[in-house]
Number of protein chains: 2
Amino acid sequence: MALKRHGRNKRLIFQLTKAINLKNLLVAFLKLIRKFFIFVVYLINLKDLTALNTKKNIKINCSVCPGRSHSMFNDLTNDELDQLSQHKTCIRYKKGQTLFYEGTRPMGLFCINSGKVKVYKISSEGKEQILNLSKPGDFLGYRALISEEFYNASATVIEEGAICYIPKSDFLGILHSNPLFFNKMMKRICQELGLMEDKLVTIAQKSVRERLAATLLMLKETYGMEGVDSNLIDIALSREDLANIIGTATETVIRLLSDFKNQQLISLQGKKIKVLNPKGLIREADFYGR
Amino acid sequence: MALKRHGRNKRLIFQLTKAINLKNLLVAFLKLIRKFFIFVVYLINLKDLTALNTKKNIKINCSVCPGRSHSMFNDLTNDELDQLSQHKTCIRYKKGQTLFYEGTRPMGLFCINSGKVKVYKISSEGKEQILNLSKPGDFLGYRALISEEFYNASATVIEEGAICYIPKSDFLGILHSNPLFFNKMMKRICQELGLMEDKLVTIAQKSVRERLAATLLMLKETYGMEGVDSNLIDIALSREDLANIIGTATETVIRLLSDFKNQQLISLQGKKIKVLNPKGLIREADFYGR
DNA sequence: GCTCAAACATGACTTAAGTCATTTTTTGAT
DNA sequence: ATCAAAAAATGACTTAAGTCATGTTTGAGC
């Protein structure tokens with residue numbers, strides 16, 4: 001897809017050796033410096049630092065977790081839940097704090113008690129691609145834990161909440177001692193693989209307009225309010241986040257959103273979006289020929 | 001991404017009722033007819049029909065399967081292999097024959113003895129997106145089998161070969177009676193999920209040129225010849241297939257390939273592609289700023 | 001309530017890549 | 001060997017969506 005914002009500012013180290021004349025050498029050097037600084041900026045996440053001292057340990061019992069009903073832990077016995085809780089730590093996270101970084105080694109499982117988290121990868125051009133949004137009751141990081149690889153993505157809190165952390169050994173212990181649970185996890189991961197394939201096809205084949213419409217509908221399903229206001233999408237996503245979900249530029253999302261607004265398909269209430277005409281959006285999502 | 005070839009020729013049934021004037025009604029009707037014909041064409045795959053009578057049952061022993069060394073069945077005992085083979089059927093497939101269609105119910109596992117298979121989805125616009133290329137030793141269809149869903153994709157032979165079919169119950173039997181094997185499958189699927197996430201980011205963020213270069217390198221790794229000619233990509237992919245892997249138009253692939261050829265990065269030997277300058281391709285794949 | 005930075009919005013312009021049309025080459029069947 | 005159909009190649013043109021610049025609104029912190 002993608003024209004790139006920083007497409008032409010990159011160079012690989014080995015090319016240094018090939019830059020024979022001074023100008024080339026200088027350019028290569030500067031690009032290397034630039035790359036280094038990008039890396040440092042990546043490591044030092046300012047929001048993390050400022051938020052560090054606000055972390056505090058809290059006590060949360062799994063059995064009263066609001067997400068429990070649709071959690072994978074749903075039908076574990078109380079004994080097993082106790083076993084998981086033994087070394088569990090629960091921490092309150094503020095918006096912008098990062099649970100784990102791509103490329104690091106997973107040491108345990110994150111389980112969201114409250115709040116919302118985005119799971120994303122940073123491409124070589126430095127652009128973020130959101131792979132998933134997680135909500136209370138969801139697990140995070142089990143893929144890497146099970147396949148014994150490094151994290152394949154990063155996870156950052158987008159709406160403040162409490163998140164529990166279960167050490168690797170406790171989780172794997174239950175996983176291997178309870179075949180039913182293992183089976184359930186297996187099925188879930190297979191489903192997720194199917195969903196990921198669907199996402200791939202969507203991004204590869206549909207226009208940005210169609211993808212935005214489809215994403216709005218998906219968000220309405222997942223984060224729609226209960227009861228009367230069921231068309232209000234209850235998640236504080238910036239236009240940039242939205243752009244990073246559908247894989248496009250922020251400006252494009254803004255333009256399309258006001259387009260949809262003009263067409264009375266949605267209305268914008270502050271940060272939150274309300275779906276006025278779901279059928280219209282479905283039409284936009286499928287094909288937008290008129 | 002995508003401007004679409006048939007973007008404006010579609011309409012849903014319910015809209016028929018809304019077309020009040022005669023012209024709209026006629027247009028809607030024609031579009032409906034068109035959609036119906038597309039559906040019929042989808043159902044009647046001519047290549048399948050003409051190839052039907054060439055199928056014949058053959059006997060293949062798993063223990064001599066050329067792909068066994070890197071197959072998931074690799075370290076099953078001979079007893080277990082016998083058990084799997086009991087109701088196994090092996091059939092020779094010609095190019096263009098389809099193993100299974102998206103949306104149908106899986107009844108067993110396909111295991112490739114020889115030949116190559118593409119796994120793909122057809123988008124609502126009728127365009128094909130290739131998700132995977134499978135080679136001897138690979139499994140097909142286990143995801144749907146395990147998650148007990150319908151096939152999420154279709155699989156069609158692109159290079160003639162022999163493919164074995166193991167009934168669902170036999171496969172699931174081994175899966176649930178051999179925890180080590182179950183575990184191994186679980187890990188594999190987790191890895192695959194990771195790979196799929198990577199693919200998603202690549203398609204969402206990289207330009208077509210970068211993706212083509214990356215795909216050529218991947219194909220060289222996977223299908224490169226043994227020994228001297230290790231840079232010859234030994235898979236008969238049409239330009240269209242290649243376009244459907246990277247998610248672009250056939251013409252674009254053709255143009256870029258002759259571009260790469262002019263740059264001496266590759267050479268075209270009939271259908272097959274030879275990588276002349278891997279480092280150059282790596283550079284193209286990462287960033288093509290100059 | 002005021003300030004300032006971040007987020008949102010909009011216009012102008014550029015370009016990668018899609019689409020359509022036509023020609024050339026390859027391939028497989030008779 | 002011949003022919004027709006499929007695949008590959010190339011040119012001309014269009015457009016979705018990216019990029020850059022600049023202005024406006026919002027909201028968190030003092």
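In the text below, chain A, chain B and the rest are named by the order of the sequence lines, each starting its count at 1. Quantities reported herein were computed from a predicted structural model and do not represent experimental measurements.
- Salt bridge present: A:Glu160 and A:Arg92 bring a charged side-chain N and a carboxylate O closer than 4.0 Å.
- Separating the CG atom of B:Leu268 from the C1' atom of D:dA9 is a distance of 11 Å, rounded to the nearest angstrom.
- Out of C:dA17, C:dC8, D:dA17, the shortest distance to the side chain of B:Thr252 is found at C:dA17.
- D:dT10 atom C1' lies 13 Å from atom CG of B:Asp259, rounded to whole Å.
- For B:Arg239, whose side chain is taken as the heavy atoms from C-beta onward, the closest listed nucleotide among C:dC8, C:dA17, D:dA8 is D:dA8.
- Rounded to whole Å, atom P of C:dG18 lies 7 Å from atom NZ of B:Lys127.
- A:Asn132 and A:Lys118 share no donor-acceptor pair across their side chains, judged by distance under 3.5 Å alone.
- Between A:Asn262 atom CG and C:dT10 atom P the separation is 8 Å, expressed in whole Å.
- Using modelled atom types and a 3.5 Å distance limit, the side chains of B:Gln263 and B:Glu284 yield a donor-acceptor pair.
- The residue among A:Ser238 and B:Leu256 whose nearest nucleotide of DNA chain C lies closer to the 5′ end is A:Ser238.
- Rounded to whole angstrom, the span from the CD atom of A:Glu284 across to the P atom of D:dA16 amounts to 13 Å.
- Nearest nucleotide to the side chain of A:Lys271, out of C:dA17, C:dC8, C:dT19: C:dC8.
- When the C1' atoms of four end pairs are superposed on the next four at each end of the helix from C:dG1-D:dC30 to C:dT30-D:dA1, using five pairs per end, the two resulting axes differ in direction by 50°, to 10°.
- Phosphate proximity of C:dC8 to A:Thr250: absent, as no side-chain N or O sits under 4.0 Å from OP1 or OP2.
- Not counting sequence neighbours, the partners of A:Asp138 by the side chain to side chain contact (heavy atoms under 4.5 Å, CB included) test are A:His70, A:Ser134, A:Lys135.
- In this structure, the CD1 atom of A:Ile266 is 13 Å from the P atom of C:dC8, given to the nearest Å.
- Between A:Glu240 atom CD and C:dC8 atom C1' the separation is 12 Å, expressed in whole Å.
- Salt-bridge check for A:Glu102 with A:Lys121: passed, with a basic side-chain N closer than 4.0 Å to an acidic carboxylate O.
- Distance check: B:Leu257 CG to B:Leu265 CG gives 11.0 Å after rounding to the nearest 0.5 Å.
- Checked options B:Leu268, B:Ile273, B:Leu216; the residue passing with B:Phe260 is B:Leu216 (criterion: side-chain contact (heavy atoms from CB on, under 4.5 Å)).
- If you check distances only, the side chain of B:Glu251 does reach the base of C:dC20 with a donor-acceptor pair under 3.5 Å.
- For B:Arg255, the side-chain atoms get nearest to D:dT10 when compared with the rest of D:dG18, D:dT10, C:dC8.
- Following rounding to the nearest Å, B:Ile254 (CD1) and D:dA7 (P) show an atom-to-atom distance of 11 Å.
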